[in-house]
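Since this is a predicted model, take the numbers as computed values, not measurements.
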Amino acid sequence: AEVALENAYYNAKGLREDSIEDAVQAFGEVISSEKRENDNKYGPWSFKSMKQLVKLYLKLNNATEVMRHYQRMLECVGDGVSPNAVEKGIHGMLDRISQNENLQGSLIRQIYDATLAVFSPKTGTSPNE
């Protein structure tokens, strides 16, 4: 099952250049498959797929979908994804988002607020504690 998820992820990644729509669908299938096999929890391939979806929607300037998939990435915290992978993935997304000249300030603020809500020492969890 793990190899099938890995293959599906890399196949989806390969579709990005030819058809964003096909890639989006394929990444969605990776997420659905992993949740089915993992007691309805996200795992590392889901997290990687969500990162790719955020990147694709950034490219398309689709703020609603960027936020939706970024929120899903945050849901992976503590859900079978290593703390280092979460930290590295979130940090990379925040860098990418902050450098995107097409995003409106309100979306950037929403993304940072959502991140802080998850990683706040008072309310959320810190992945490397």
Side-chain angles (χ1 to χ4, degrees):
E2 182 74 18
V3 172
L5 286 169
E6 182 177 1
N7 287 339
Y9 169 79
Y10 285 109
N11 287 338
K13 208 170 170 184
L15 294 171
R16 292 177 308 178
E17 298 304 315
D18 298 330
S19 170
I20 288 178
E21 291 161 4
D22 289 346
V24 164
Q25 184 176 351
F27 284 124
E29 289 169 10
V30 171
I31 295 166
S32 297
S33 295
E34 189 165 46
K35 279 188 82 171
R36 261 194 316 277
E37 294 174 14
N38 202 18
D39 292 330
N40 213 27
K41 292 182 180 171
Y42 296 122
W45 297 109
S46 295
F47 184 73
K48 289 178 180 191
S49 294
M50 290 171 203
K51 279 189 346 189
Q52 293 300 323
L53 287 167
V54 171
K55 290 177 188 178
L56 289 172
Y57 285 116
L58 278 171
K59 191 183 283 189
L60 296 172
N61 293 318
N62 186 330
T64 303
E65 290 298 312
V66 167
M67 189 64 197
R68 186 168 83 86
H69 292 290
Y70 186 78
Q71 287 275 41
R72 290 173 78 192
M73 278 179 64
L74 293 175
E75 291 172 19
C76 291
V77 174
D79 229 15
V81 181
S82 80
N84 286 341
V86 169
E87 187 173 321
K88 184 179 175 201
I90 298 294
H91 187 270
M93 279 296 116
L94 291 175
D95 277 351
R96 185 178 291 262
I97 288 163
S98 68
Q99 294 171 10
N100 188 313
E101 296 170 4
N102 297 318
L103 291 182
Q104 294 180 335
S106 60
L107 175 65
I108 294 171
R109 198 167 19 270
Q110 285 179 320
I111 288 170
Y112 275 88
D113 286 347
T115 306
L116 287 172
V118 170
F119 294 109
S120 167
K122 291 184 175 106
T123 59
T125 59
S126 180
N128 282 328
E129 284 184 352

In the structure I gave you, are the side-chain heavy atoms of E34 and Y42 within less than 4.5 Å of one another anywhere? no
Taking side chain to side chain donor-acceptor pair (under 3.5 Å) as the definition, give me every residue that meets it alongside S82, ordered by chain and number, with sequence neighbours left out. none
Validation: residues 23-33 side-chain donor-acceptor distances under 3.5 Å, sequence neighbours left out:
{"residue": "Q25", "atom": "NE2", "partner": "E29", "partner atom": "OE2", "Å": "3.4"}
{"residue": "S32", "atom": "OG", "partner": "G28", "partner atom": "O", "Å": "3.1"}
{"residue": "S33", "atom": "OG", "partner": "E29", "partner atom": "O", "Å": "2.9"}
{"residue": "S33", "atom": "OG", "partner": "R36", "partner atom": "NH2", "Å": "3.2"}

Once side-chain contact (heavy atoms from CB on, under 4.5 Å) is applied, do any residues pair with S19, and if so which ones, sequence neighbours excluded? E21, D22
Is the closest side-chain heavy-atom distance between R96 and V54 below 4.5 Å? no
Side-chain heavy atoms nearer than 4.5 Å, only ILVMFWY residues, links allowed to pass through others: does that put W45 and L15 together? no
Contacts satisfying ring pair (Phe, Tyr, Trp, His ring centres under 6.0 Å) that involve residues 74-111 (not counting sequence neighbours) are none
Residues which pass side chain to side chain donor-acceptor pair (under 3.5 Å) with Q110, listed by chain and number, not counting sequence neighbours: none
Side chain to side chain donor-acceptor pair (under 3.5 Å) partners of R109, counting only residues at least two apart: none
Per the salt bridge (charged side-chain N to carboxylate O under 4.0 Å, His left out) rule, what does the pair list look like for residues 61-78, sequence neighbours excluded? E65-R68
Between atom CE of M93 and atom CE of M73, what is the distance when rounded to the nearest 0.5 Å? 5.5 Å
Who pairs with I108 by side-chain contact (heavy atoms from CB on, under 4.5 Å), at least two apart in sequence or on another chain? I97, L103, Y112
Looking at every non-hydrogen atom in both residues, tell me the closest pair between F47 and A85 and how far apart they are. CE2-O, 3.5 Å
Can you name the side-chain contact (heavy atoms from CB on, under 4.5 Å) partners of T115, sequence neighbours left out? Y70, L74, I90, L94, I111, F119
Could I get the full list of side chain to side chain donor-acceptor pair (under 3.5 Å) partners for E6, not counting sequence neighbours? none
Going by ring pair (Phe, Tyr, Trp, His ring centres under 6.0 Å), name the residues that satisfy it together with Y57, two or more places apart in sequence or in a different chain. H69
Counting heavy atoms not belonging to D95, are there more than 12 under 6.0 Å from its CG? yes
Non-neighbouring partners of K41 that pass side-chain contact (heavy atoms from CB on, under 4.5 Å), sequence neighbours left out: N38, D79
